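Keep in mind the model is a prediction, meaning the values are calculated, not measured.
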Amino acid sequence: MPLSADDKTKYKALYLQTAAPYVDDLQKIASLQDEDAEAVDVIHRAAHSMGSQSQMMEYNSIASLSRLIEKIFKAKKDEGYTLTQETKDLMINDVARMRDSLASIANNDSELDLTPEIEALRISSKIIV
């Protein structure tokens with residue numbers, strides 16, 4: 001059930017407050033080493049949580065990007081998926097754009113359209129959401 005406009009306004013500050021540490025965890029992609037299972041788990045959980053709360057708040061671009069990152073890291077955890085440098089670079093940029101989108105929500109009450117980032121990452125990773 002979608003949130004009412006009043007509820008969305010009421011929960012926006014809480015959403016932004018809780019989203020910040022998830023984005024901080026997602027930034028660990030930049031320093032990720034292939035065999036760092038703990039970092040992979042942290043990134044996977046952060047992407048899952050970010051996707052869930054963004055979907056609840058109807059920030060669909062952030063939710064879709066988060067779900068794609070979550071699937072990539074689930075494949076890495078469960079199936080030994082190997083990140084290419086291209087995919088890793090795209091995710092680093094995507095997390096920065098996610099942070100920009102959070103700033104847009106804070107300042108303009110609207111998220112950025114992250115469709116180009118999502119499509120580029122989907123093509124590069126070959127992961128389907």
Side-chain angles (χ1 to χ4, degrees):
M1 182 165 115
L3 293 176
S4 69
D6 286 343
D7 282 343
K8 196 168 179 179
T9 299
K10 184 166 106 177
Y11 292 119
K12 182 178 98 170
L14 179 60
Y15 167 79
L16 292 169
Q17 178 185 2
T18 58
Y22 295 139
V23 174
D24 290 345
D25 284 344
L26 291 172
Q27 285 184 308
K28 293 178 180 179
I29 293 167
S31 60
L32 181 66
Q33 300 299 314
D34 266 348
E35 300 305 318
D36 190 348
E38 184 178 328
V40 168
D41 195 47
V42 167
I43 294 164
H44 176 253
R45 276 194 320 266
H48 173 80
S49 297
M50 188 72 185
S52 297
Q53 76 179 37
S54 296
Q55 185 174 6
M56 185 190 78
M57 290 294 291
E58 298 177 353
Y59 297 131
N60 296 320
S61 259
I62 295 173
S64 293
L65 179 56
S66 297
R67 277 195 302 279
L68 180 53
I69 294 171
E70 176 188 3
K71 281 197 90 166
I72 291 168
F73 279 88
K74 179 158 180 51
K76 185 154 183 59
K77 278 177 55 166
D78 296 349
E79 301 161 21
Y81 176 85
T82 301
L83 290 175
T84 64
Q85 190 59 50
E86 175 189 17
T87 298
K88 187 175 176 182
D89 290 344
L90 285 170
M91 284 191 289
I92 292 166
N93 180 65
D94 294 348
V95 172
R97 290 287 292 150
M98 192 182 291
R99 192 175 293 282
D100 293 343
S101 192
L102 292 172
S104 181
I105 291 167
N107 298 324
N108 306 317
D109 286 327
S110 65
E111 70 174 327
L112 301 178
D113 179 9
L114 302 174
T115 302
E117 289 83 359
I118 295 164
E119 289 306 312
L121 184 56
R122 188 175 290 141
I123 291 166
S124 174
S125 68
K126 298 178 177 82
I127 297 284
I128 299 170
V129 178

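- Of all non-hydrogen atoms in Ala46 and Asp25, the two that sit nearest each other are CB-CB, 3.6 Å.
- Checked for salt-bridge contact, Arg97 and Asp100 meet the test: a charged N lies under 4.0 Å from a carboxylate O.
- Counting heavy atoms of neighbouring residues, nucleotides and ligands inside a 6.0 Å radius, atom CD of Gln85 exceeds 12 of them.
- For Lys74, the NZ atom is loosely surrounded, since the number of other residues' heavy atoms within 6.0 Å does not exceed 12.
- Around OH of Tyr81, the count of heavy atoms belonging to other residues, nucleotides or ligands within 6.0 Å exceeds 12.
- Of the possible donor and acceptor atoms, none in the side chain of Asp36 sits under 3.5 Å from a partner among the backbone N and O of Leu32.
- Considering every non-hydrogen atom in both Leu16 and Leu102, the closest pair reads CD2-O, 3.5 Å.
- A donor atom on one side chain and an acceptor atom on the other are found under 3.5 Å apart for Thr115 and Asp113.
- With hydrogens and angles ignored, the 3.5 Å screen pairs a side-chain donor or acceptor of Lys71 with a backbone N or O of Ile128.
- In this structure, Ile43 and Lys28 approach most closely via the heavy-atom pair CD1-C, 3.9 Å.
- Between Leu68 and Ile127, the shortest heavy-atom contact is CD1-O, 3.8 Å.
- The main-chain N or O of Leu14 is found under 3.5 Å from a side-chain atom of Thr18 such that the two form a donor-acceptor pair.
- Side chain of Glu111 to main chain of Ser61: a donor-acceptor pair is present (N/O by atom type, distance under 3.5 Å, no hydrogens or angles).
- A continuous path of ILVMFWY side-chain contacts below 4.5 Å connects Tyr15 to Val23, so both sit in one hydrophobic cluster.
- Taking NE2 of His48 as the start and CZ of Arg67 as the end, the distance is 11.0 Å to the nearest 0.5 Å.
- Within the 4.5 Å cutoff, side-chain heavy atoms of Thr84 are placed close to those of Ser124.
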Exercise. Could you walk me through whether Glu119 and Arg122 pass the salt bridge (Lys or Arg N to Asp or Glu O under 4.0 Å) test, one step at a time?
Key: CA-CA 5 Å; Glu119 289 306 312; Arg122 188 175 290 141; 2.6 Å; yes
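- A donor-acceptor contact shorter than 3.5 Å links the side chain of Lys8 to the backbone of Met57.
- Thr87 OG1 to Ile69 CD1: the interatomic distance, rounded to the nearest 0.5 Å, is 11.0 Å.
- Side-chain atoms of Asp94 and Met98, non-hydrogen and from C-beta on, never get closer than 4.5 Å to each other.
- If you take OG on Ser49 and CD on Glu70, they are separated by 8.5 Å, rounding to the nearest 0.5 Å.
- Shown are Met56, Met50, Glu58; of these, the side chain to side chain contact (heavy atoms under 4.5 Å, CB included) with Ser54 is made only by Met50.
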Practice problem: Run the numbers on Leu121 and Ile72 for side chain to side chain contact (heavy atoms under 4.5 Å, CB included), then give the verdict. | Solution: CA-CA 10 Å; Leu121 184 56; Ile72 291 168; 3.9 Å; yes
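- Of all the heavy atoms in Arg99 and Gln27, the pair that sits closest is NH2-OE1, 3.0 Å.
- Residues Lys12 and Asp109 are paired through a salt bridge, judged by an N-O separation under 4.0 Å between the basic side chain and the carboxylate.
- Counting heavy atoms from C-beta outward, Ser125 and Met91 have side chains that stay 4.5 Å or more apart.
- Contact of the Leu65 side chain with the Tyr59 side chain is not registered, since no non-hydrogen atoms from C-beta on lie closer than 4.5 Å.
- The same ILVMFWY cluster, assembled from side-chain heavy atoms under 4.5 Å apart, contains both Ile105 and Leu3.
- Taken from CG in Asn60 to CG in Leu114, the straight-line distance is 11.0 Å, to the nearest 0.5 Å.
- If you take CD1 on Ile29 and CG on Leu90, they are separated by 11.0 Å, rounding to the nearest 0.5 Å.
- Of all non-hydrogen atoms in Gly51 and Ala63, the two that sit nearest each other are O-CB, 3.7 Å.
- Tyr22 and Val42 fall into different hydrophobic clusters, where Ile, Leu, Val, Met, Phe, Trp and Tyr are joined by side-chain heavy atoms under 4.5 Å apart, directly or via other members.
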